[in-house]
Asker: 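My structure is below; once you've seen it, I'll send some questions.
Whatever order the structure lists ligands and atoms in, that order sets their numbers, starting from 1. Note: hydrogens, waters and symmetry copies are ignored here, and every other heavy atom, side chains too, is used.
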Amino acid sequence: MSIDVAVIPAAGRGTRMRPATRVVPKALITVVDRPAIQYMVEEAARAGAKEAIVVVDLDAGHLVAQHFSIEGPLPGLEDIRVRPVVQEEPLGLGHAVSAAAEMVADRPFFCLLSDNIVRPGQDVLPALAEGSNDGATSVMCLREYSDEYLTKYGFVVPTSDVKDGYLDLGGAVEKPGPDNAPSNYGLVGRYLLTPEVFSILEKTSPGALGEIQLTDAIDELGKRGRLKGWIADTDLLDVGSPAGLVHATQELGTRGVDS
Ligand code: UTP
């Protein structure tokens, strides 16, 4: 299944990165030699996307657009068009994704959280695309986590055994905690979503933290029987917190961002 569009939500408050994010949007914080957002656009381009829709707040749109266009296209990004779209208020990740609905229209799309960078040589998007061979099934990137993470991420409901890294899913729960966790397979910030998710998000009420949660819409996709997971071999690097940013900078700086 070839996927030609990617949505990159980057309009969060960035409170963990204060004071750096008082003026500079989190997506434009430098990691080694380029802003964080460039890593996601590069990753989407490597997976064959021709269009990257970056969801930004009111202030960041022109900066993001300028970064990708100012002296002509960046090397390696000649074939991908970067289009900012504004999320007027940070009402949650699900709300951010729905801001891209009109631009995505009826296409399946990759969704890449801008807090996470894949390790060099460890792309996950091709495996997600391969898992959705009919284009009607959404495919979640997963990692197996220890119990301490059950209050931090969304966790999925498996409905089959794992075969070649893939499994069928019946739903997902945001930050379930040890008592309600349906499994130890957590969502890690890379998704292949079918456009069906937009109509679900329209009807999704605010959940955990009063935000419109993408996990609640993913849960509905599972209940409709059109959800799979793929278990990644390695973690993604986290650039949404100071400690994560230091670690990611060391890792990418040592190995080389382009390796
Ligand atoms: P996070 O909740 O981790 O990002 O959202 P945040 O809100 O920026 O983080 P802190 O806790 O305040 O530091 C995960 C992803 O979803 C995007 C974020 O930009 C990040 O890529 N997001 C989140 C939005 O685009 N809009 C939102 O309303 C919320």
Asker: Write out the residue and atom name of the closest protein heavy atom to atom 7 (O) of ligand 1, then the distance separating them to 0.1 Å.
Answerer: Arg13 N, 3.4 Å

Asker: What protein heavy atom is closest to atom 9 (O) of ligand 1, reported as residue, atom name and distance in Å?
Answerer: Arg16 NH2, 3.3 Å

Asker: Protein heavy atoms near atom 28 (O) of ligand 1, is at least one of them under 4.0 angstrom away?
Answerer: yes

Asker: For Ala10, take its heavy atoms, then give the atoms of ligand 1 lying under 4.0 Å from any of them.
Answerer: 19 (O), 25 (O)

Asker: Which residue, Leu63, Ile37, Val64, forms the side chain to side chain contact (heavy atoms under 4.5 Å, CB included) with Pro25?
Answerer: Leu63

Asker: Would you kindly specify which portion of Glu211 sits under 4.0 Å from ligand 1, judged on non-hydrogen atoms: side chain, backbone, both or neither?
Answerer: neither

Asker: Among Asp57, Thr21, Asp115, which residue satisfies the side-chain hydrogen bond (donor to acceptor under 3.5 Å, both in side chains) criterion with Lys26?
Answerer: Asp115

Asker: Does any N or O atom in Gly14 lie less than 3.5 angstrom from one in ligand 1, N or O only?
Answerer: yes

Asker: Going by the order shown, which atoms of ligand 1 are within less than 4.0 Å of some heavy atom of Pro90?
Answerer: 28 (O)

Asker: May I ask you to check if ligand 1 and Gly240 share an N or O to N or O distance below 3.5 Å?
Answerer: no

Asker: For the residue pair Ser132 / Thr137, report whether a side-chain donor-acceptor contact shorter than 3.5 Å exists.
Answerer: no

Asker: Which bit of Ala96 gets closer than 4.0 Å to ligand 1, counting heavy atoms only: side chain, backbone, both or neither?
Answerer: side chain

Asker: Given Arg143, which of Asp233, Asn184, Asp235, Thr234 fulfils the side-chain hydrogen bond (donor to acceptor under 3.5 Å, both in side chains) condition?
Answerer: Asp235

Asker: Heavy-atom distances under 4.0 Å decide this one: backbone, side chain, both or neither, for Leu91 against ligand 1?
Answerer: backbone

Asker: Which part of Lys26 is near ligand 1, with near meaning a heavy atom under 4.0 Å away: side chain, backbone, both or neither?
Answerer: side chain

Asker: Taking CD in Glu88 as the centre, count heavy atoms belonging to other residues, nucleotides or ligands within less than 6.0 Å. Is the count above 12?
Answerer: no

Asker: Which heavy atom of the protein is the closest neighbour of atom 18 (C) of ligand 1, given with residue, atom name and distance?
Answerer: Gly12 N, 3.6 Å

Asker: Suppose I only count heavy atoms of Thr15 and a 4.0 Å limit; which atoms of ligand 1 are within that range?
Answerer: 10 (P), 11 (O), 12 (O), 13 (O)

Asker: Is the closest basic N to carboxylate O distance between Arg190 and Glu43 below 4.0 Å?
Answerer: yes

Asker: Looking only at protein heavy atoms, which one is nearest to atom 16 (O) of ligand 1, and what is the separation?
Answerer: Leu93 CD1, 3.5 Å

Asker: Can you confirm whether Gln66 is buried at CD, in the sense that more than 12 heavy atoms of other residues, nucleotides or ligands lie under 6.0 Å from that atom?
Answerer: yes

Asker: Relative to the ring of Tyr145, is the ring of Phe155 parallel (under 30°), tilted (30 to 60°) or perpendicular (over 60°)?
Answerer: perpendicular

Asker: Looking at non-hydrogen atoms alone, which of Leu112, Val239, Ile8, Asp115 comes nearest to atom 14 (C) of ligand 1?
Answerer: Asp115

Asker: Quickly, which of Val162, Leu187, Val188 forms a side chain to side chain contact (heavy atoms under 4.5 Å, CB included) with Leu142? Name it, please.
Answerer: Leu187

Asker: Looking only at side-chain N and O atoms, does Thr15 offer a donor or acceptor that is under 3.5 Å from a partner on Arg18?
Answerer: no

Asker: Report the C-alpha separation of Arg224 and Glu196 in whole Å, then their side-chain angles, then the decisive distance to 0.1 Å, and conclude whether the salt bridge (charged side-chain N to carboxylate O under 4.0 Å, His left out) test is met.
Answerer: CA-CA 11 Å; Arg224 294 182 184 184; Glu196 184 180 7; 3.0 Å; yes

Asker: How close does the nearest protein non-hydrogen atom get to atom 26 (N) of ligand 1, and which residue and atom is it?
Answerer: Gln87 OE1, 2.8 Å

Asker: Just to confirm my output: which protein heavy-atom neighbour is closest to atom 25 (O) of ligand 1, and how far is it?
Answerer: Ala11 N, 2.8 Å

